[in-house]
Amino acid sequence: MVTKNCTESQLLSELYRGMYRIRFVEERIVKIYHTDKIKSPVHLSIGQEAPSVGVCAALRPTDVVFGTYRGHALYLAKGGDLNRMVAELYGKASGVAKGKAGSMHLADASVLMMGTSAIVATTIPHAVGYALAEKFRGRDTVVAVFFGDGASEEGVLHESANFAALHMLPVLFVCENNFYAIHTPLKSRVPMPNYCARMEAYGIPSRKILRNNVLETAQTAGEMIGQMREGRIGPAFLEIETYRWREHVGPGEDWALGYRSREEAEPWIRGDEVERIGCQLDLDVRTSIDHAVEMEVETAFRLAEEAAFPSDEELLTDVFQ
Amino acid sequence: MSFSNAVRELSYADALYEATVQEMERDDNVFVFGLGVDDPKGMYGTTKDLHHRFGAKRNFDTPLSEDAMTGVAIGAALAGMRPIHVHQRMDFLLLCMNQLINVAAKWSYMFGGAFRVPLVVRAIVGRSWGQGAQHSQSLHAHFMHVPGIKVVAPTTPHDAKGCMIAAIRDNNPVIVVEHRMLYSNRGMVPSEPYTVEFGKARVLTQGGDLTIVAISHMVVEAVRASHHLAEVGIHAEVIDPVSLSPLDAQTIQTSVQKTRRLLVVDHSWVETSAASEIVALVAESLNGDPGVRFKRMGFAPVPCPTTKPLENLFYPNSRTIAQAGYRLVTNREDWVPEGKEANEIAEFKGPF
């Protein structure tokens, strides 16, 4: 670390802390899932921590994000309250949505995470509309929207990209390409998965990050966002190669299903981005981060266990504002 | 615009325009968008010069991307704006269903009340002069089925203005079902802004023999039917629900308790319809009272044909409604009211 300047080492610590926190929460979920205390589907971000942490490191607290049903990483990276998140997974009244959302629908207006959806690609136009409103009001807010490679096959991505480019809206489209839509590989779905070229055809500057690289993600997103704020570009597109270590939904591994091999996963697991960044920190710094995260997570799960379920009256509230 | 409290005659289209102008003046967050809203025809005059009055940022055209544009409206609403998304034909809402049903109707409940989507969707129903199967559908029942979204279908200029203002001020998604055959209808409209409360039906004619509940343009035909029925001594109470979701079942139930006969004339197909819902609500409230008779009417159970003679048969009209009412009251079929096609239908010419 002596070769790095202070800012870089702080950034690395921040990125590591963000990723390790997500990893530790997800592994804690894996540990307790068999108890059936979380009575709903979980789409874990183990292996996919880097895109959310990297992009959110480049955002301001006043910037806005939209995400997907695989949203634990984004929720935590954007500053969401861990206690309320875990309580939400447990279906408790102290959850961020009083248990009405669960894992697939994490959102929190207080940190400007304005929605997640179980329907692929659905929140993409929301980011565009939010950016339209902010631009209309003369604010320099940037809106980032996260989606997977599967979303590239939904028409709404293309409609949204076209409109964002037409109106020069400050939207960062973030594609987390993990190469699978549930169990269907990219090659069965897309003849030419050249996502950057597609977006550039709409006039949207595009960059691809290889191998789940969190630092490059943060730096590239930072450059794009800076240009957006200055009004030099409208929307931008970032494809980040990443890899899901666990099954599409649930806590287990799924190599036995045969749709992908352990050998394919090996380089991703061996090159674990959490570990790769962690190794670059001073040991005492890393140990201190790990310890704080582990305490925080233990507390969150304990609080969630102890919390009350929502009252029966909650069934009929909140349909309308 | 100055408000002098004057009540004067306006068309339905001008009432919608006035409501929009007044709300745009009141609240900078209100904006209008949709395919063709700033074109020379200005959506039958309802958006005619809004871009000149309020700037192109507040009344703008869109690409043909109904799905994403609905999502854009939702995103803007989440940011605190109050978008009005206009569709020249309600049929195009089928391209917006994911956003309307999976998002607009869910965002409040699903996130525990933390988010609001104050969105107005103006859905214009087409009819006549060969609109055919894909430019004539009334999909209000689709939306009535889903919690979290409101549906209104005003039929008078007064209610058009009041419902539009109420919809814009509502903190929830509202589908405003308009009908092309209603745009030229004229009626008395207060010049100052006002709201029409959702969930309150209007009793348009008083009568003790028969309750006719009608929806959208069928309200106009039902009132004409009540005139035919009066010629044979049958007095119909015509009710316009105005708001379909929430629905004022109480006003209808009270009327049916008096008349003992309910005819519901939908502006859509009868199967799994708003008419079915209204009949079911009234039947449930009667607790098995056997003396009440029911009848539903609506479109023929086919896609809308384009050719005029078949199109005429496809829709209920004042004569067929009157005949159905007569049958319900007398149990006889020995009367055919005289009359002709309604003016607004007969006189309407394209090309659009």
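All chains are named by letter (A, B, ...) in the order of the sequence lines, taking the proteins before the strands, and each is independently numbered beginning at 1. In this text the structure is predicted, and so the values were computed from the model without any measurement.
- Listed here is the closest heavy atom pair of B:Y109 and A:E314: OH-O, 3.9 Å.
- Your options are A:H167, A:H158, A:E134, A:K100, and the one with the most heavy-atom pairs under 4.5 Å with chain B is A:K100.
- Closest of all the heavy-atom pairs between A:M114 and B:L78 is CE-O, 3.7 Å.
- Neither the backbone nor the side chain of A:L169 comes within less than 4.5 Å of any heavy atom of chain B.
- A:A97 and B:M110 get closest at one heavy-atom pair: CB-O, 3.7 Å.
- Using a 4.5 Å heavy-atom cutoff, the side chains of A:P125 and B:Q99 are in contact.
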Worked check of side chain to side chain contact (heavy atoms under 4.5 Å, CB included) between A:L132 and B:F60:
CA-CA 12 Å; A:L132 178 79; B:F60 58 93; 3.9 Å; yes

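- B:N102 and A:T122 share no side-chain donor-acceptor pair at under 3.5 Å.
- Only the side chain of B:N172 has a heavy atom closer than 4.5 Å to any heavy atom of chain A.
- Both the backbone and the side chain of A:T116 come within less than 4.5 Å of a heavy atom in chain B.
- The shortest side-chain heavy-atom distance between A:L166 and B:P63 falls under the 4.5 Å cut-off.
- Top candidate by heavy-atom pairs under 4.5 Å with chain A, chosen from B:A79, B:G113, B:A77, is B:A79.
- Contacts between residues 58-88 of chain A and chain B, defined by a heavy-atom separation under 4.5 Å, are made by A:F66.
- Across all non-hydrogen atoms, the minimal contact from B:F115 to A:M113 is CZ-O, 3.6 Å.
- Within the 4.5 Å cutoff, the side chain of B:K106 has no heavy atoms near those of the A:H105 side chain.
- Side chain of A:S160 to main chain of B:A68: no donor-acceptor pair is present (N/O by atom type, distance under 3.5 Å, no hydrogens or angles).
- Proximity to chain A (any heavy atom under 4.5 Å) is restricted, for B:N29, to the side chain, taken from C-beta onward.
- Within a 6.0 Å sphere centred on CD of B:Q134, other residues, nucleotides and ligands contribute 12 heavy atoms or fewer.
- Of the listed residues A:D108, A:V319, A:L157, the one with more heavy-atom pairs under 4.5 angstrom with chain B than any other is A:V319.
- Here A:H126 and B:W107 bring their ring centres to under 6.0 angstrom of each other.
- Ring geometry for B:F31 against A:F136 counts as tilted: the plane angle lies between 30° and 60°, on a 0 to 90° scale.
- If you measure heavy-atom distances from A:A107 to chain B, the contacts under 4.5 Å come from both the backbone and the side chain.
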